[in-house]
**Student:** 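Handing you a structure now.
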Amino acid sequence: AGMNGTAIENFVCLIFNVSFMNCSWHANKTSSGDIQYFLYWKTSRKEDFTECQNYIKDGCGRNTGCRFQNVTIENKKAYFLLNVSRSGQNIHIFDYFIVEKLTPPLNVTVHCTKDSHGCEIWWQPPRTSHVKRHACFKYEVVIENK
């Protein structure tokens, strides 16, 4: 949404290594080259918005992404605001995705016995930014014989 020439498409955020988040978007094909985008976010309605401190720029020098550090999303909600400098207009982002790229499981232990040709494998769930219920995870073990 937004005034003609200010809209964006494909807003998405990726959380990785538990506390880092990259957000990106594409300027709409009708966006003029004289606009600039400024991204703000918060994790509750009571907080103040925090502006991005590390923008990713396109070939025209427009902000088309942001790198955040020390991210915590405790309640699974996030609120984003994109300010457009050309018109001073705020675009509230309603359709967006936050994707978390998980770390591998922790403390993987394997114990194999020679006589039964069997192995026992233990691990701890991966660290995440917001998932507290470890029953949510499903694991797949791939065993390769060499």
**Student:** Does one hydrophobic cluster hold both L102 and V141, with members joined at side-chain heavy-atom distances below 4.5 Å?
**Tutor:** yes
**Student:** Counting only heavy atoms not in E47, do more than 12 sit closer than 6.0 Å to its CD atom?
**Tutor:** yes
**Student:** From T64 OG1 over to Q36 CD, what is the distance, rounded to the nearest 0.5 angstrom?
**Tutor:** 9.0 Å
**Student:** For the residue pair P105 and Y139, establish whether any side-chain heavy-atom pair is separated by less than 4.5 Å.
**Tutor:** yes
**Student:** Would you say that Y37 contacts Y55 through its side chain, given a criterion of any heavy-atom pair below 4.5 Å between the two side chains?
**Tutor:** no
**Student:** Identify the two heavy atoms, one from H111 and one from T113, that lie closest to each other, and give their separation to 0.1 Å.
**Tutor:** NE2-CG2, 3.9 Å
**Student:** Flag the pair F80 / F11 as yes when their ring centroid distance falls below 6.0 Å, and as no otherwise.
**Tutor:** yes
**Student:** To the nearest 0.5 angstrom, please state how far the CG atom of L14 sits from the CG atom of N22.
**Tutor:** 6.5 Å
**Student:** With distance as the sole test, does E140 use its side chain to make a donor-acceptor pair with the main-chain N or O of K138 at under 3.5 Å?
**Tutor:** no
**Student:** Would you say I56 ends up clustered with I8 if hydrophobic residues are merged whenever their side chains have heavy atoms under 4.5 Å apart, either directly or through other cluster members?
**Tutor:** no
**Student:** Indicate yes or no for a side-chain donor-acceptor contact from W25 to the backbone of N63 under 3.5 Å, with no hydrogens or angles considered.
**Tutor:** yes
**Student:** Is the terminal nitrogen or CZ of K42 (NZ for Lys, CZ for Arg) located under 6.0 angstrom from the six-membered ring centre of F49 and within 45° of that ring's axis?
**Tutor:** yes
**Student:** Start with the C-alpha gap between F68 and W41, add the side-chain angles, then the distance that decides, and say whether ring pair (Phe, Tyr, Trp, His ring centres under 6.0 Å) holds.
**Tutor:** CA-CA 10 Å; F68 291 98; W41 90 295; 5.6 Å; yes
**Student:** Is there a path of hydrophobic side-chain contacts, each under 4.5 Å between heavy atoms, that joins F16 and V18?
**Tutor:** no
**Student:** P104 and P126: which non-hydrogen atoms are nearest, and at how many Å?
**Tutor:** O-CB, 3.7 Å
**Student:** How long is the gap from OH on Y79 to OG1 on T43, to the nearest 0.5 Å?
**Tutor:** 9.0 Å
**Student:** Look up atom SG in C112 and atom CD in E120, then write down how far apart they are to the nearest 0.5 Å.
**Tutor:** 9.0 Å
**Student:** To the nearest 0.5 Å, what is the distance between CD (Q53) and CZ (R67)?
**Tutor:** 14.0 Å
**Student:** Would L39 and L81 count as a side chain to side chain contact (heavy atoms under 4.5 Å, CB included) here? Give the steps.
**Tutor:** CA-CA 6 Å; L39 180 65; L81 173 68; over 6 Å; no
**Student:** Search all heavy atoms of N54 against all heavy atoms of C52 and return the closest pair with its distance.
**Tutor:** N-SG, 3.3 Å
**Student:** Counting neighbours of NZ on K57 that are heavy atoms of other residues, nucleotides or ligands and sit closer than 6.0 Å, is the number greater than 12?
**Tutor:** yes
**Student:** So, D58 side chain and G61 main chain: donor-acceptor pair closer than 3.5 Å or not?
**Tutor:** yes
**Student:** Any chance you could measure I35, atom CD1, to N83, atom CG, to the nearest 0.5 Å?
**Tutor:** 11.0 Å
**Student:** Is any side-chain heavy atom of W123 less than 4.5 Å from a side-chain heavy atom of V110?
**Tutor:** no
